[in-house]
Protein chains: 2
Amino acid sequence: MAKGKATILERCAAIGLRMTKQRRVLAQVLESADDHPDAEEVYRRAHEIDGSISLATVYRTVKTFQEKGILDRLEFGDGKGRYEDAKREHHDHFFNLDTGEVIEFYDPEIEALQERISKRLGFRLVGHKLELYGVPVPPKK
Amino acid sequence: MAKGKATILERCAAIGLRMTKQRRVLAQVLESADDHPDAEEVYRRAHEIDGSISLATVYRTVKTFQEKGILDRLEFGDGKGRYEDAKREHHDHFFNLDTGEVIEFYDPEIEALQERISKRLGFRLVGHKLELYGVPVPPKK
DNA sequence: CTAATTGCAAAGCGTTTGCAGGATC
DNA sequence: GATCCTGCAAACGCTTTGCAATTAG
């Protein structure tokens, strides 16, 4: 994760965040996550490492990290926020409707096309979110 | 709205939903909406027409309509559900970050490209969500 | 008449926050 | 030592639900 870039911990330090025990644990948990955990799941993983971490701190920390651009907050439609390291390569998400699995993908054509559409609409593209939903071919059953 | 297709009311009837006064009002409100109202806003508009409608009924109705494929539920990241007639032409959403305005657009190239990406990943595309975020060019101020 | 639908108020769920104690710089 | 951070529990905003009354078919 964090291909060749600063770790979450380093980025925290770089912007002058106070490095508490809890933040260190959460930074590690979030850095080593290669999925998209919700707050409860982040809490679960952090709690295994340090039983003193509270859910409130998880919420406060992911919010701080997100505001500082360290984390991205995703929404997968179940009403819960999901978090991922903002410094990973840009990608979009493909949802396997049969299994619930989330596949990350990147396509330069899509990226370029979105730029063109934005220009056509009279805007400068600042960000985007693309989610595809599909079923395996040939179907699972 | 509902280009050449059945109205919400007609679609309700077609699937055998009981047509109550409240559902008639909500069908009308939702059909004539060309934006993306949240439940509270749907309630406000419906309440103007018929003061006896409750917020609970709005929630129950939009959920029923959504389950029956009459409405699409959208999430714009503020934690509230937004609703739009599912029978309108397919489109994606562009967010003007300066004004909060939401522009609907459709691009056949994007649609085709998504199909190709899905195939490449080994899936049959069932649905998608694309949101673009940008600022006006030249910038507003 | 029977089953579906409603309004109300209470509950549910994910998230935020006030506060007093505790840790960091 | 001043400030920032934490845990706890209470509060929050959106949504759902139990219930008894009402209404559609």
Side-chain angles (χ1 to χ4, degrees), chain A residues 8-30 36-68 70-83, chain B residues 8-30 36-68 70-83:
Chain A
I8 290 181
L9 214 68
E10 289 167 341
R11 279 174 275 154
C12 287
I15 59 179
L17 284 183
R18 225 165 243 204
M19 286 319 299
T20 63
K21 176 163 51 96
Q22 292 89 336
R23 284 189 181 155
R24 252 183 283 275
V25 171
L26 288 170
Q28 176 193 331
V29 164
L30 290 162
H36 311 91
D38 58 27
E40 200 80 41
E41 178 60 25
V42 171
Y43 170 68
R44 209 169 295 126
R45 296 179 192 176
H47 205 263
E48 267 179 39
I49 301 175
D50 177 346
S52 80
I53 289 180
S54 74
L55 186 53
T57 293
V58 171
Y59 274 110
R60 273 192 280 239
T61 303
V62 293
K63 175 164 253 209
T64 301
F65 283 7
Q66 181 199 348
E67 286 165 354
K68 301 297 185 184
I70 293 171
L71 285 183
D72 283 335
R73 182 184 206 269
L74 311 173
E75 282 176 40
F76 288 172
D78 57 359
K80 298 187 282 188
R82 314 292 186 113
Y83 302 90
Chain B
I8 291 181
L9 214 67
E10 288 167 340
R11 279 174 275 150
C12 286
I15 59 180
L17 282 184
R18 257 185 211 191
M19 286 319 299
T20 64
K21 176 164 52 95
Q22 293 88 336
R23 283 190 181 155
R24 253 184 282 275
V25 171
L26 288 170
Q28 176 193 331
V29 164
L30 291 162
H36 311 92
D38 59 26
E40 200 81 41
E41 178 61 25
V42 172
Y43 170 68
R44 209 168 295 127
R45 296 179 192 177
H47 205 262
E48 268 180 38
I49 301 174
D50 178 346
S52 80
I53 289 179
S54 73
L55 185 53
T57 293
V58 171
Y59 274 110
R60 274 192 279 238
T61 303
V62 293
K63 174 164 251 209
T64 301
F65 283 8
Q66 181 200 349
E67 287 165 355
K68 301 298 187 184
I70 293 172
L71 286 183
D72 283 334
R73 183 186 207 268
L74 311 174
E75 281 176 39
F76 288 172
D78 58 358
K80 299 187 282 188
R82 314 292 186 115
Y83 303 90

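These values consider heavy atoms only, across backbone and side chains, with no hydrogens, waters or symmetry-generated copies. Here is how names work: the chains are called A, B, and so on, in the same order as the sequence lines, proteins then strands, and each is numbered from 1.
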message: Tell me which residues in residues 40-49 of chain B lie within less than 4.0 Å of DNA chain D, going by non-hydrogen atoms.
response: none
- prompt: With sequence neighbours left out, what residues match B:Ala13 under side-chain contact (heavy atoms from CB on, under 4.5 Å)?
  reply: none
- prompt: Which of these nucleotides, C:dT5, D:dA9, D:dT15, is closest to any side-chain atom of B:Arg73?
  reply: D:dT15
message: By the salt bridge (Lys or Arg N to Asp or Glu O under 4.0 Å) test, which pairs, at least two apart or in different chains, include something from residues 18-27 of chain A?
response: A:Lys21-A:Asp50
message: Without decimals, in angstroms, what is the distance between B:Gln22 CD and C:dC8 P?
response: 11 Å
Interatomic distance where CZ belongs to A:Phe76 and C1' belongs to C:dG14 [whole Å]: 17 Å
query: Atom CG of B:Asp38 and atom P of D:dT16: how far apart are they, to the nearest Å?
result: 13 Å
statement: The side-chain hydrogen bond (donor to acceptor under 3.5 Å, both in side chains) partners of A:Asp72 (sequence neighbours excluded) come to none
query: Counting side-chain heavy atoms from CB outward, which of D:dT17, D:dT15, C:dG14 is closest to B:Leu55?
result: D:dT15
message: Just to verify, what does A:Ser54 make a side-chain hydrogen bond (donor to acceptor under 3.5 Å, both in side chains) with, not counting sequence neighbours?
response: A:Thr57
- request: Return each pair, listed once, that meets ring-ring contact (aromatic ring centres under 6.0 Å, His included) where at least one residue sits in residues 45-66 of chain B; pairs must be two or more places apart or across chains.
  value: B:Tyr43-B:His47
statement: Those residues at least two apart in sequence (or on a different chain) that pass side-chain hydrogen bond (donor to acceptor under 3.5 Å, both in side chains) with A:Glu75 are A:Arg73
- request: Give, ordered by number, those residues of residues 58-65 of chain B having at least one heavy-atom distance below 4.0 Å to an atom of DNA chain D; if nothing qualifies, reply none.
  value: B:Tyr59, B:Arg60, B:Lys63
message: Output one letter per nucleotide in nucleotides 20-25 of chain D: B when a protein non-hydrogen atom lies under 4.0 Å from the base, S when only the sugar-phosphate is that close, - when neither is.
response: ----BS
- prompt: Between B:Ala39 and A:Arg23, who's closer to the 5' end of DNA chain D by nearest nucleotide?
  reply: A:Arg23
- prompt: Any side-chain heavy atom of B:Asp78 within less than 4.5 Å of one from B:Arg82?
  reply: yes
field: Ring centers of B:Phe76, B:His36 separated by less than 6.0 Å
entry: yes
- request: Only counting residues at least two apart or in another chain, list the ones meeting salt bridge (Lys or Arg N to Asp or Glu O under 4.0 Å) with A:Lys68.
  value: none
task: Could you check how far CD1 of A:Ile53 sits from P of D:dC5, rounded to whole Å?
output: 15 Å
field: Residues forming a side-chain contact (heavy atoms from CB on, under 4.5 Å) with B:Ala46, sequence neighbours excluded
entry: B:Val25, B:Leu26, B:Val29, B:Ile53
field: Euclidean distance, atom CG of residue B:Asp78 to atom P of C:dG14 [Å, nearest integer]
entry: 18 Å
field: Residues forming a side-chain hydrogen bond (donor to acceptor under 3.5 Å, both in side chains) with A:Arg45, sequence neighbours excluded
entry: A:Asp35, A:Glu41
- request: Starting from the 5' end of DNA chain D, give me the residue, B:Ala56 or B:Lys80, whose nearest nucleotide shows up first.
  value: B:Lys80
message: Between P on D:dC5 and CD1 on A:Ile15, what's the gap in Å once rounded to a whole number?
response: 10 Å
